[in-house]
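Working notes, structure below.
Counting starts at 1 for both ligands and their atoms, in listed order. No experiment lies behind these values; they were computed from the predicted model shown. All values below were derived from every heavy atom in this structure, side-chain atoms included, with hydrogens, water molecules and symmetry-related copies excluded.
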Amino acid sequence: MDTHSALYHRCKSRLAELRETAPRQTVTLDEKLKENGITRREFMTWSASVTALLALPLPFTNLVAEAAELADRVPLIWLHMAECTGCSESLIRTDTPNLDSLIFDHISLEYHETLMAASGWQAEENLEHAMEAYKGNYLLAVEGAIPTANNGAFLTVGCKGHTGMQIVKEAAEGAAAIISVGTCAAFGGVQAAAPNPTGSKGVQDVIDKPVINLGGCPPSEKNIVGTLMYFIMFGKLPALDMFNRPKWAYGARVHDNCERRGRFDAGEFVETFGDQGAKDGYCLYKVGCKGPYTYNNCPTERFNHHTSWPVLAGHGCIGCSEPNFWDDMADFEKPLGRQLLHGVDATADTIGAVILGATVVGIGAHAVASLFAKPLEE
Ligand code: FSX
Ligand code: SF4
Ligand code: F3S
C-alpha cells in the first residue's frame, strides 16, 4: 500500500467512526450552506482547494467534504491567553461568512471565550464539563502566550482566579491534540519580546505533549481551518517542520512564492516607501522585507477571502510566523543583511542565518549581490 492509499484508508475509517458518534449541532452543514446561499458546487470547489492546501491528491476532495460535514462530531475547546484575539478575528469574519468561517461554526465548539454567550461561573462550568465529558477526545486550541513569571500571576482568568498556565496545563492533559493558534501561543509572540517581564512562553514550553504550531500574527484562516480539517480527517498530527509547524503550510519561504520575486532577481528594489519603485511593485527587500527568512504560505493563500497579504499591500513581510520575530526580525523596515553590510548590527544576520540554514544563506548571498548591483545609500 503506498502512502497516499494508506492515508486514504485511514481517513475513510476515521470518518466512518466519527459518523457513528452523535452530532452536537442541531442543524446540518448542508442546511447551513443553503441558509447562507452557498451552492453544493461552491462547497465542492472549497473542498478541492482544502485538498490542495493540505498537499493531498485530488481524490481526497470527497473525504474533505465528508469531514467538513462531520465537523460537529469533534469537540473543540479554544482557550485565550495573553494576546490580542487577532487570530480568532482572522478566522471569524462576520461581514460575509465564507466557507472557512461556516466550517468553524459547524465544528463542535464547546468553549471559546470570545464567542460563547456564557460568562462567569457558568463559563467555568462549561469548560470543566467539556474537559470531563470529552476527556481524551477533544481538540484543544490555544491562542496567546502563557505568562510564567511569578508562578503565572500575570494572567489570571475567570472567577476562580486560576492562572492561564494552570488552565492550559489542565486542559492539555485530556486533549487528543493541541494546536497553538498564532505566534503568541506557538512561540510567545509579542508578550515574550525582550525584556519579557511576564516570562511569557509558547504552549510547547509549559506542557510536555506534542503541539502543532500555527505561526503567524495572525495565522491565515486557511491555515487554521486546514489544520482543524486535517485533524478531523486523520485524527493525528500532520508532518511538521523543525518548529512543529505543518509542512503543508510552512514548507516554503514567503520569498519563494512572492509575486515580486522577479523584481528581486532583477535587482529592482523599492528604495524608500512611496518612490517610483514602490508604485511599480518593485521588491521590498531594501525597505525591510523579511520574506527570505520566513516560512509561510501568505503569497499563495493570502488573507481575508484571498484578497491580499502584506507584500501585496505594499509593506515587506515582518517575519510574523517565525519564533522571536519581534526581536530577531527588527528593524522591520531595514534589511538584516544590509545592516550587516554597514556593520550596524552584526548579530542580526547571524540570527537570520541560524533561522535560514545553509541553503538560504546562499540566497541571502544572492540578495547581497543584487544589492551591490545598485549603489547602496543610507
Ligand atoms: Fe498573538 Fe492571536 Fe498576534 Fe494577536 O490571539 S499571534 S498578538 S494576531 O491574536 O495570539
Ligand atoms: Fe517578495 Fe520580500 Fe522576497 Fe522581495 S524580499 S521578493 S518583496 S518576499
Ligand atoms: Fe506575516 Fe510575513 Fe505573512 S508578516 S502575514 S509571514 S507575509
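- Of all protein heavy atoms, the one closest to atom 2 (Fe) of ligand 2 is Cys289 SG, 2.3 Å.
- Listed by number with element, the atoms of ligand 2 under 4.0 angstrom from any heavy atom of Gly291 are 8 (S).
- Between Tyr285 and Phe269, the ring planes are tilted. Angles from 30° to 60° get that label.
- Cys283 SG, 2.4 Å is the protein heavy atom nearest to atom 4 (Fe) of ligand 2.
- Look at Cys320 and atom 1 (Fe) of ligand 3: an N/O/S atom of the residue is under 2.8 Å from the metal.
- With Asn150 contributing its side chain and Gly152 its backbone, the two residues share no donor-acceptor pair below 3.5 Å.
- For atom 4 (Fe) of ligand 1, the closest non-hydrogen atom of the protein is Cys84 SG, 2.3 Å.
- Within ligand 2, counting atoms from 1 as listed, the ones closer than 4.0 Å to a heavy atom of Arg261 are 6 (S).
- There is a side-chain donor-acceptor pair under 3.5 Å between Ser88 and Glu143.
- Closest to atom 3 (Fe) of ligand 2 among all protein heavy atoms lies His255 ND1, 2.2 Å.
- Put simply, part of Pro310 is less than 4.0 Å from ligand 3, judged by heavy atoms.
- Less than 4.0 angstrom separates some heavy atom of Phe303 from each of these atoms of ligand 3: 5 (S).
- A salt bridge between Asp280 and Arg263 is absent, with no side-chain N of the basic residue lying under 4.0 Å from a carboxylate O of the acidic one.
- The atoms of ligand 3 that sit less than 4.0 Å from any heavy atom of Thr294 are 6 (S).
- Closest heavy-atom approach to atom 6 (S) of ligand 1 among the candidates Thr183, Thr85, Val181: Thr183.
- Distances from ligand 1 to the non-hydrogen atoms of Gly216 include at least one value under 4.0 Å.
- Annotation: cation-pi geometry satisfied between Arg14 and Phe231 (NZ/CZ under 6.0 angstrom from ring centroid, within 45° of ring axis).
- Within the 3.5 Å criterion, the main-chain N or O of Ala194 finds a donor-acceptor partner in the side chain of Asp327.
- For atom 1 (Fe) of ligand 2, the closest heavy atom belonging to the protein is Cys258 SG, 2.3 Å.
- Residue-ligand proximity, Pro218 to ligand 1, at heavy-atom distances under 4.0 Å covers atoms 8 (S).
- Under a 3.5 Å cut-off, the side chain of Thr156 and the backbone N or O of Ala153 do not form any donor-acceptor pair.
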* Asked: So Phe332 and His315, ring pair (Phe, Tyr, Trp, His ring centres under 6.0 Å) or not? Walk me through it.
  -> CA-CA 10 Å; Phe332 290 143; His315 194 282; 8.1 Å; no
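- For ligand 3, the atoms closer than 4.0 angstrom to any heavy atom of Trp309 are 7 (S).
- Nearest protein heavy-atom neighbour of atom 4 (S) of ligand 3: Ile318 N, 3.2 Å.
- Ring centers of Phe187 and Trp326: at least 6.0 Å apart, outside the cut-off.
- Looking only at heavy atoms of the protein, atom 3 (Fe) of ligand 3 is closest to Cys298 SG, 2.3 Å.
- For the pair Asp275 and Lys279, the salt-bridge criterion is not met [side-chain N within less than 4.0 Å of a carboxylate O].
- Applying the 4.0 Å criterion to heavy atoms of Ser321 picks out, from ligand 3, the atoms 6 (S).
- Of all atoms in ligand 2, numbered sequentially from 1 with element shown, those under 4.0 Å from a heavy atom of Arg260 are 6 (S).
- No hydrogens or angles considered: nothing links the side chains of Asn223 and Glu301 as a donor-acceptor pair under 3.5 Å.
- Heavy atoms of Gly215 stay at 4.0 angstrom or farther from ligand 3.
- At the shortest separation from atom 2 (Fe) of ligand 3 among protein heavy atoms lies Cys317 SG, 2.3 Å.
- Proximity of the aromatic rings of Trp78 and Phe104 is defined here by a centroid distance below 6.0 angstrom, and this criterion is met.
- Polar contact with ligand 1: present for Gly86 (N/O pair, distance under 3.5 Å).
- Among all non-hydrogen protein atoms, the one lying nearest atom 7 (S) of ligand 2 is Leu284 N, 3.4 Å.
- Residue Cys184 places no N or O, backbone or side chain, under 3.5 Å from any N or O of ligand 1.
- Checked against Cys289 for a side chain to side chain contact (heavy atoms under 4.5 Å, CB included), the options Val311, Val254, Val270, Ile318 give a single hit: Val311.
- Looking at atom 3 (Fe) of ligand 1, its nearest protein heavy atom turns out to be Cys217 SG, 2.2 Å.
- Closest protein heavy atom to atom 2 (Fe) of ligand 1: Cys87 SG, 2.2 Å.
- Between Glu322 and the options Lys290, Arg245, Arg253, a salt bridge (charged side-chain N to carboxylate O under 4.0 Å, His left out) holds for only Arg245.
- Under the 4.0 Å criterion applied to side-chain N and carboxylate O atoms, Glu173 and Lys209 are not assigned as salt-bridge partners.
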